[in-house]
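Notes for the one structure printed next.
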Amino acid sequence: MHASDADVHTLLGSSALFAGIPSEELTAIAGELDEQHHGAGDLVITEGTDGADFFLIVEGTGAIEVGGDRVASLGTGDFFGEVGALDQGPRTASVRATSALRSLSLPNGRLRGFLGDHPRVAVNMLHVSVRRFRVAMTSGRRTAGRGAQ
Amino acid sequence: MTVLRDDTLPHLQSSPLFQTFDDAELTAMCDDLCEGVFRSGHRILGQGMAGMEFFLIVDGTAEVDVDGEVVATLEAGDFFGEVAALGEGVHTATVRATSQLRCLYLPNGTLRSFLLEHPQLAVTLLHQVVRRFRSVVTSAAAPAAG
């Protein structure tokens, strides 16, 4: 089931990740994104496995798990999967849906080109990634996956 | 610390961080950048201390230490200071010159607005930050600077 591009446009417009992006550009972006639905308890991405999809949560909640332990919660407007999507290595954490979870996603490896086309999104994402890096630096490896990915 | 504007452009042209920009854009950037020359052994930023400069090394070497332990070395083309400059303004690591070190830097707090003016730089920085994040979460040692 896929929402209309107009609906996706509205979701993007209210997301911090897409703050500052002109409306016409959001329209183009809406046309590039897939939509995924996961049920409560489903694994969306799995630590240690390959995978380069990138996700933005538009409805529902998720949990980041490292070594089977929950290290952080995610909700509407949060993104995950960027580490695997940008450097192509295995996932550094799992993300599990903790309610019905609706996400917009960029398929395997497409995030790199997407950011080149829409660099303002990279500015927004960079601020969050730097925060996640700081958490990883200051709280050590065990809770580092708190960043998500 | 002196601004040597004539010298700045070639450094930007040869830096991996600025490969996506043409000369006109790089020339405009030169006005925003300061230059610093630090003696070997001098500390450029200190873990736990406040500061929001963003540094790009153009010549020389430096080491990054966290809690007194050296976790990485830096050389021409490497950058540091982004974690504090984009976050809460407190450095997550100490960076010390291990030779005479020449840097271009964006002064206190201007990285944010600089990125909005030159968003392609954020794309390149994001890749590096993500790589550093992976290194930290997959090894006990922390390899990057903040």
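Letters A, B, ... are given to chains in the order of the sequence lines, protein chains preceding strands, and every chain is numbered from 1.
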- [ ] Indicate if Met49(B) and Phe55(B) have the same hydrophobic cluster label, given that clusters are the connected sets of ILVMFWY residues with side-chain heavy-atom separations under 4.5 angstrom.
- [x] no

- [ ] May I ask you to name which of Arg131(A), His118(A), Met125(A) has the most heavy-atom pairs under 4.5 Å with chain B?
- [x] Met125(A)

Open item on the list: I need the full list of salt bridge (Lys or Arg N to Asp or Glu O under 4.0 Å) pairs touching residues 115-127 of chain B, with sequence neighbours left out, sorted by first then second residue.
Closed with: none

Task: Linked, directly or transitively: Phe55(A) and Leu43(A) (ILVMFWY side chains, under 4.5 Å) - done: no

Task: Separation between NE2 of His127(A) and CD of Glu82(B), rounded to the nearest 0.5 Å - done: 11.5 Å

Task: Atom pair NE2/CG of His127(B) and Asp87(A) - distance to nearest 0.5 Å - done: 8.5 Å

Task: Cluster overlap Leu56(B) with Phe80(B), hydrophobic side-chain contacts below 4.5 Å - done: yes

Task: Atom of Val83(A), atom of Phe133(B) and distance for their closest heavy-atom approach - done: CG2-CD2, 3.7 Å

Open item on the list: What's the separation between atom CG in Leu126(A) and atom OG1 in Thr124(B), rounded to the nearest 0.5 Å?
Closed with: 10.5 Å

Open item on the list: So, taking the atom named CZ in Arg131(B) and the one named CG in Leu86(A), what distance separates them when rounded to the nearest 0.5 Å?
Closed with: 9.0 Å

- [ ] Let me know which of Val130(B), Val137(B), Val136(B) forms a side chain to side chain contact (heavy atoms under 4.5 Å, CB included) with Thr92(A).
- [x] Val137(B)

- [ ] Using the rule that two of Ile, Leu, Val, Met, Phe, Trp, Tyr join whenever any of their side-chain heavy atoms come within less than 4.5 Å, decide whether Ile57(B) and Met52(B) are in one cluster.
- [x] no

TODO: Measure the spacing between CE of Met137(A) and NE2 of His91(B) and express it to the nearest 0.5 Å.
DONE: 12.0 Å

Open item on the list: Run the salt bridge (Lys or Arg N to Asp or Glu O under 4.0 Å) test against Glu88(B) and tell me which residues pass, sequence neighbours left out.
Closed with: Arg134(A)

Task: Nearest-0.5 Å distance, CG of residue Leu111(A) to CG of residue Leu126(B) - done: 7.5 Å

- [ ] Would you name the heavy atoms of Pro119(B) and Arg120(A) that are closest together and state the gap between them?
- [x] CB-N, 3.9 Å

